[in-house]
Colleague: 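Supplied in structure tokens, the structure appears directly below.
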Amino acid sequence: MLISIPDLLTKAEVAAFRAEMDKAEWIDGKATAGEQSGAVKHNQQLKEDSPLGRKLGDNVLDALARNDIFLSAALPLKIFPPLFNRYQGGEHFGTHVDNAIRVVRGTPVRIRTDLSMTLFLSEPEEYEGGVLVVEDNYGTQEVKLEAGSIVLYPSTSLHHVTPVTNGARVCSFFWLQSMVRDDGQRTLLFDLDTSIRSLAGEQGVNHPEVVRLSGIYHNLLRRWADT
Ligand code: NI
């Protein structure tokens with residue numbers, strides 16, 4: 001399942017991010033790539049352990065923690081500290097699958113990548129190209145969102161970023177391990193939760209069918225979740 005969430009960050013927050021990032025030191029993006037993906041990765045990144053990257057990453061994590069759609073869709077267990085990248089002057093990222101396991105630098109923490117995320121920090125009209133192309137079960141999907149919006153897609157998918165031929169594409173990218181490993185089960189839970197919220201909005205949270213469906217949701221989660 002591929003899910004886009006609008007307005008994770010406000011435009012003012014995006015502008016504040018960009019003001020600091022535009023002054024920062026950028027390094028070759030191959031620093032965090034695996035062998036296959038490194039061979040096709042052509043972009044720049046903020047250093048993984050730079051104070052600025054950490055601070056902005058924490059701001060992204062705070063925004064995610066406040067976002068009900070994200071929490072319902074991802075059911076996050078462990079989130080990799082967000083990284084930041086920039087493509088310009090024809091830079092691109094060829095077809096690859098993200099590494100299955102990521103180690104958080106300087107810690108023993110390992111994260112199985114169930115979901116990959118891209119948070120857009122440039123407006124679509126600021127650059128040409130730079131489309132995230134994801135091959136999932138439902139075919140090929142092309143993603144280019146407004147600044148402040150984020151896309152979640154299965155880390156199992158082949159994906160690439162087309163060359164940025166004009167302007168600059170600035171994003172945050174990272175991964176998470178979900179409490180529910182299976183994408184199909186996670187999708188069912190998200191659909192069920194979304195319907196329950198909608199029904200509760202119409203009928204009230206104490207309507208008998210809302211209560212019964214909420215019970216089913218939690219009992220499925222109990223079956224499928226690892227914590
Ligand atoms: Ni990737």
Side-chain angles (χ1 to χ4, degrees), residues 1-5 8 17 21 26-50 53 56-57 60-61 64 70 73-74 76-105 109-122 124 127 129-145 147-165 168-178 181-183 186-187:
M1 176 182 50
L2 185 148
I3 299 168
S4 298
I5 302 175
L8 179 75
F17 270 56
M21 294 170 75
W26 292 81
I27 62 167
D28 190 325
K30 293 187 200 303
T32 58
E35 191 173 348
Q36 187 275 327
S37 56
V40 293
K41 185 174 185 181
H42 307 280
N43 66 5
Q44 305 149 63
Q45 286 177 201
L46 293 186
K47 262 189 169 165
E48 191 171 4
D49 47 3
S50 70
L56 299 180
V60 173
L61 294 177
L64 290 172
F70 168 76
L77 178 62
K78 292 187 270 185
I79 306 178
F80 192 88
L83 300 171
F84 296 87
N85 65 13
R86 181 172 70 184
Y87 295 76
Q88 56 190 10
E91 288 176 324
H92 62 281
F93 198 160
T95 302
H96 65 281
V97 169
D98 293 343
N99 289 355
I101 307 291
R102 310 230 42 139
V103 178
V104 179
R105 182 182 287 238
V109 177
R110 286 184 195 159
I111 294 177
R112 185 189 66 232
T113 58
D114 295 322
L115 283 171
S116 301
M117 283 150 291
T118 299
L119 167 62
F120 289 78
L121 296 170
S122 302
Y127 58 98
V131 179
L132 171 65
V133 183
V134 180
E135 299 173 26
D136 80 358
N137 298 341
Y138 305 104
T140 299
Q141 310 213 40
E142 300 193 347
V143 186
K144 186 170 179 174
L145 302 179
S149 299
I150 187 167
V151 62
L152 284 58
Y153 57 97
S155 302
T156 51
S157 62
L158 283 167
H159 54 274
H160 66 276
V161 176
T162 64
V164 173
T165 53
R169 175 194 192 267
V170 179
C171 290
S172 177
F173 69 103
F174 50 107
W175 307 268
L176 67 79
Q177 180 170 336
S178 176
R181 176 185 201 143
D182 182 79
D183 189 63
R186 205 184 317 111
T187 302

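As the structure lists them, so they are numbered: ligands from 1, and atoms in each ligand from 1.
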Colleague: Would you list the protein N, O or S atoms within less than 2.8 Å of the Ni ion (ligand 1), leaving out water?
Modeller: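 Metal shell, protein only: H96 NE2, D98 OD1, H159 NE2.
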Colleague: Given 3.5 Å as the limit, does a donor-acceptor pair link the side chain of W26 with the main chain of M21, or not?
Modeller: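 At least one qualifying donor-acceptor pair exists.
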Colleague: Distance-only, no hydrogens or angles: does the D136 side chain make a donor-acceptor pair with backbone N or O of M1 under 3.5 Å?
Modeller: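 Pair absent, no side-chain N/O of D136 close to backbone of M1.
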Colleague: Is there a donor-acceptor contact under 3.5 Å linking the side chains of T32 and Q45?
Modeller: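 There is such a pair (donor and acceptor under 3.5 Å, judged by atom type) between the side chains of T32 and Q45.
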Colleague: Ignoring hydrogens and angles, write down the donor-acceptor pairs under 3.5 Å from the side chains of residues 80-90, residues two or more places apart or on other chains.
Modeller:
{"from": "R86", "atom 1": "NE", "to": "Q44", "atom 2": "OE1", "distance (Å)": "3.4"}
{"from": "R86", "atom 1": "NH2", "to": "Q44", "atom 2": "OE1", "distance (Å)": "2.9"}
{"from": "Y87", "atom 1": "OH", "to": "N43", "atom 2": "ND2", "distance (Å)": "3.1"}

Colleague: Hey, what's the ring geometry for H96 with H159, parallel, tilted or perpendicular (30° and 60° as the breaks)?
Modeller: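 Aromatic pair H96/H159 classed perpendicular.
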Colleague: Between D114 and R112, does at least one N-O distance fall below 4.0 Å, as a salt bridge requires?
Modeller: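 Judged by the 4.0 Å cut-off on N to carboxylate O distance, D114 and R112 do form a salt bridge.
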